[in-house]
Protein chains: 2
Amino acid sequence: MDNITLKMLAKELNLSTAAISKALRDSHEISTHTKQRVQELASRLNYIPNAYAGSLRRRKSKTIAVVLPEVADSFFSLAINGIEAIAEQKGYHVLIYLTHENFSREQAILKDFQSGRVDGVLMSLTAETASYQHVCDLHAKDIPLVFFDRVCEEINTAKITTDDFESGYKATQHLIDCGCKKIALLSISNYLAISNRRLDGYRQALKDNNIKNSPINIYCGNDNAVNYRFIQRIMSDKERPDGIVATVEKLTTDVYLVCKELQLSIPQDLKIVSFSNLSSADILNPSLTTITQPAFEMGKAAAVILFKALEKKSFTLRDENYTMPSELIIRGSTVLQK
Amino acid sequence: MDNITLKMLAKELNLSTAAISKALRDSHEISTHTKQRVQELASRLNYIPNAYAGSLRRRKSKTIAVVLPEVADSFFSLAINGIEAIAEQKGYHVLIYLTHENFSREQAILKDFQSGRVDGVLMSLTAETASYQHVCDLHAKDIPLVFFDRVCEEINTAKITTDDFESGYKATQHLIDCGCKKIALLSISNYLAISNRRLDGYRQALKDNNIKNSPINIYCGNDNAVNYRFIQRIMSDKERPDGIVATVEKLTTDVYLVCKELQLSIPQDLKIVSFSNLSSADILNPSLTTITQPAFEMGKAAAVILFKALEKKSFTLRDENYTMPSELIIRGSTVLQK
DNA sequence: GCTATTTACTTAAACGGTTAAGTAAATTAT
DNA sequence: ATAATTTACTTAACCGTTTAAGTAAATAGC
C-alpha cells in the first residue's frame, strides 16, 4: 500500500501542495473552510508526513539522541526515564544509542550524528574513552551536546554530575568508621573524570585518616568473567582488603559471588559500599550499602538544559557544571543488621 | 560551521554532483583516477552525507526500531544486546523506543513509523495492549515487523517466544514438588499472550496435581507502590499463599521486601519462582529460583528473521512461531540451601 | 471611484542526495 | 575505414516536504 503524500491530498482537493502544507500547519494564510477540508481529508486518509522530507527541508529533526554505555545499569535506565519525561513534554523523539563501553562504537555513533540525524545529544562516555577528537568534531558542528555522569571535561559545554569527590570520600570514610583498615576501590576506568573524582575522594579520606598501604584503585575491565577472576584473586590474597568501594554497580555482584565462593562473610570479613541505584539493594544477602545518585533527576536536568539550547535561536551552551548530591544509604554490607 | 555537501565537493573538483555521488559509492561508471580524487577530498574535508537526503531519495533508512516496554528489566536489556549484535554485522542503525508500558505511547510510536522513519520493527507489547489496530495499521504499510517475547498473536508475522506454557507449568510443578499447597501467580497483564500461556501452564499443573482453591492469577499494575501494598495485603491474609510464581522480574523485589517486613521467611513460609534474567539472582537473600529465558538469543533470532525480510526484494514474513526453551534454575527461594 | 491593503491562494525554488537517460570521446570490432 | 561498443562522465528529474515570492480577487480606506 503506497503512502499518502501531500501531492495526493493536493490533487484530490484541487489545491497546491503548498496550500495543503500550510493548512496542516494551521497557517493564517489559509481560510478556515479550506483548512477544515484539508484536515478532514488528511485524517480520513490517515496522512502521515514523511519524516525524512520534512527533516531535510527544515534541517531539524525534532529528535535527540541519548548515548550510553549500556542499559543494564540501574543508573542509566533511570536517567533515560528522566530524559524521556522532558522530551515528551517538548514533543521530541528520543533515540537511544548504546556504545557497549566500546570506544570505536562511540566514535562511529558521534560521527553519524554529524549527518544531521539528530538535533542534540545527551551522553555519558565509555569507560575506554581517553581521547576526545570525535567529541570535538561533533561539538564543532554546533550540535548541542550535554554530558551527564560520565562527562568529558575537555569539552566546553554543560555537564551534569553528582558530587563524586564527596561521594568517594563519604563511602571511604564510612568504611573507616566501620573499622576497615585496608580498603580497595574498584573502578572500571582510569580515564573517566568521575572515576578520578571518586578516586580522589577515596584517597583524601585515607589520607585524612592516616591510612597507608591500602590497595588503591583496582582496575576492572568490561569482561565480566575476567573481572570475576580478578576479584577472586584479590580476595584470596592473605593481604586481602577488608573494605571495598565499588564505583560501578555490576562489580558488586562479582564481589558478593566471590565472597560466597571463598566463604568470606559480608560484613564481618569484608564490608562493601557500592555506587548503585538498584532497587534490589535491600534484598541482597546481605543488603547493600550504596551511594545512590539522583539518576532520574540528572536525566531530567540534562534534558532541560539541552532543550534550552535547542529552543533558543542563538543558542550557546556554556561550560557549566551542575552538581547534584548523591546519598549514602547504609545497609547490611557495612553494618551488621539486627 | 556549515556542513560539507556533495555540491561543494563537486564544485571543488569541477565535476557534477552525480559523478561525486557515484564515485563515493564506488560505481564502475567512474574512472579509478577520479574516484581517488573524490575519495581523497571527501575524507580530507570529512564529508558526511546527510542522513535525511539519502533516506528520502532511496526510501530506505538502513535503520530498524526496537520497541520495548522498558529497559530496567534484565530480559530486555539482554535482548537488545542480541539485536544489536546482528544489526551491527548488517550495517544497520538500531533505534530503541520505550513505551513505559503505556498503550498510547505504543500507538504514537507505531504511528510515527508509518512516516517511513525505519525500515523494520522489532517489538514487545505493552502489558496494557489489548487492541491491535495500531499494529495492523503498521503491518498494512508493509513495514516488516517481528515480535519477540510479548508477541501479538493477532498479526500474521514472525514471532519469537519461549515455551511459556511449559515454563508456567514447570515453575508451578516445582513449587508443588517443594510442598506448596496454595500457589499464587503474579502477573502484570490479562491481555498479553505470554501471560496467558504462563497462566495456562500454571493452571494445568494445579489441575494435574489436584490442587484447588489456589488464588489464581493475581494481577499487578505498572505502579510499584501500588503493587507493593497489594502484595502486602495478600501476604498479610491468613489464607496467604505458600508459593508464588512471579511472571515478571520486578514483582520479585516487592515480594522479598514484603516478606522481610512481615517477618515471613523464604523459603520456609513462602517459596517463590520468578521469571528473571537477573545476574544478581544468586546473591539475593535467599538466592532466587528463576525461570531464565535465553534473552540474548531471542534478540538475535528476532533480528535475523527481520533482516531476512529486509534484504529480500520480495519479502514475505509469514505467520511463524519460533519457540525457544527457558530454563528452571533452582536456588534458595524454593529449596533450603546448605 | 480609485488606491492600498488584506485574503487566500499558487508557483517555484529549495533541502541534499540518487539515478535514469543522454552524450561526447575513446576504444574495439569487422 | 566505418560502425558498434565502451568509458566516463553530465543533465535533469525525483524523493516529499517547506517556504519565499508572486498574484488575483476581495475588502478597506479616503
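Small disclaimer: the values here were computed from a predicted structure and weren't measured. Quick note on labels: first sequence line is chain A, next is B, and so on, each numbered from 1. Just so it is clear, the values below take in all heavy atoms, side chains as well, and ignore hydrogens, waters and symmetry mates.
- When the ring-ring contact (aromatic ring centres under 6.0 Å, His included) test is applied to Phe307(B), the partners found at least two apart in sequence or on another chain are Tyr92(B).
- A close approach under 4.0 Å does not occur between any side-chain nitrogen or oxygen of Arg57(B) and OP1 or OP2 of dG16(C).
- Going from atom OH of Tyr52(B) over to atom P of dG17(C) covers 14 Å, rounded to whole Å.
- Contact record, Ala127(B) with Arg150(B): N-NH1, 3.3 Å, taken as the closest heavy-atom pair.
- Using a 4.0 Å heavy-atom cutoff across all strands shown, Thr5(A) reaches sugar-phosphate atoms only and no base atom.
- Nucleic acid contact class of Thr34(B) (heavy atoms, under 4.0 Å, all strands): sugar-phosphate only.
- Screening Phe113(A), Tyr97(A), Phe147(A) for a side-chain contact (heavy atoms from CB on, under 4.5 Å) involving Val121(A) leaves a single residue, Phe113(A).
- Residue Lys7(A) is in sugar-phosphate contact alone, with no base atom involved, counting any heavy-atom pair closer than 4.0 Å across all strands shown.
- The distance between atom CG of Leu24(B) and atom P of dT19(C), rounded to the nearest whole Å, is 13 Å.
- Nucleotides of DNA chain D with any atom under 4.0 Å from a heavy atom of chain A span, from 5' to 3', dC15(D) to dA21(D).
- The overall bend of the helix from dG1(C)-dC30(D) to dT30(C)-dA1(D), read as the angle between its terminal helix axes built from five base pairs each, is 40° when rounded to 10 degrees.
- For the OP1/OP2 pair of dG17(C) and a distance below 4.0 Å, the side-chain nitrogens and oxygens of Tyr47(B) include at least one atom meeting the criterion.
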